[in-house]
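Structure first, commentary second.
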Amino acid sequence: QVQLAESGGGLVQAGGSLRLACAVAGSVFGRYAMGWFRQAPGKEREFVACVTWDDTIRYYADSVKGRFTISRDNGKNAGYLQMNSLKPEDTGLYFCALGQPSEMKSAYGSWGQGTQVTVSS
């Protein structure tokens with residue numbers, strides 16, 4: 001079982017920035033695409049961004065395009081989500097996941113526990 005641990009969440013004012021990190025235990029990280037998803041209270045978990053195993057393709061949800069940047073460091077078994085120009089609607093529990101590059105939750109087989117991001121207006 002692959003273990004993922006997110007960190008970097010917190011409370012920030014609208015317009016601010018946060019950088020989330022995803023640490024992956026073991027040596028499998030470099031074999032899989034990494035995705036970030038988020039879930040607001042009472043809503044479905046939604047796709048945010050994903051990156052292929054070799055970092056050649058990055059894909060974003062329209063709602064975050066131009067504001068968020070996904071990246072990864074296979075040598076460190078870690079992935080990142082840089083979030084700029086945050087909006088209150090970006091509030092939610094953010095999860096990282098490993099699997100196939102996709103917007104679909106079902107494409108990912110391993111998930112972290114999530115880190116809370118709260119953006120105040």
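Just so you know, residue 1 is the first one in the sequence shown, and it goes up from there.
In this structure, SG on Cys96 lies 4.0 Å from CD on Glu6, to the nearest 0.5 angstrom. Separating the CG atom in Asn74 from the CH2 atom in Trp53 is a distance of 8.0 Å, to the nearest 0.5 Å. Ser71 OG to Met34 CE: the interatomic distance, rounded to the nearest 0.5 Å, is 6.5 Å.
Tyr80 and Tyr32 end up in different hydrophobic clusters when Ile, Leu, Val, Met, Phe, Trp and Tyr side chains are linked at under 4.5 Å. Taken together through direct or relayed side-chain contacts under 4.5 Å among Ile, Leu, Val, Met, Phe, Trp and Tyr, Phe95 and Phe68 form parts of separate hydrophobic clusters. Note on Val51 and Val2: same hydrophobic cluster, where clusters join Ile, Leu, Val, Met, Phe, Trp and Tyr whose side-chain heavy atoms are under 4.5 Å apart, directly or indirectly.
Contact of the Tyr108 side chain with the Cys50 side chain is registered, since non-hydrogen atoms from C-beta on lie closer than 4.5 Å. Residues Ser17 and Asn84 have side chains in contact (heavy-atom distance under 4.5 Å, counting atoms from C-beta outward).
A salt bridge is absent between Lys87 and Asp90; no separation between the charged side-chain nitrogens and carboxylate oxygens falls under 4.0 Å.
Checked against a 6.0 Å centroid threshold, the rings of Phe37 and Trp111 count as neighbours.
No donor-acceptor pair under 3.5 Å is formed between the side chain of Glu103 and the backbone N or O of Phe47. Judged by distance alone, with hydrogens and angles left aside, the side-chain atoms of Arg72 form a donor-acceptor pair with the main-chain N or O of Thr52 at under 3.5 Å.
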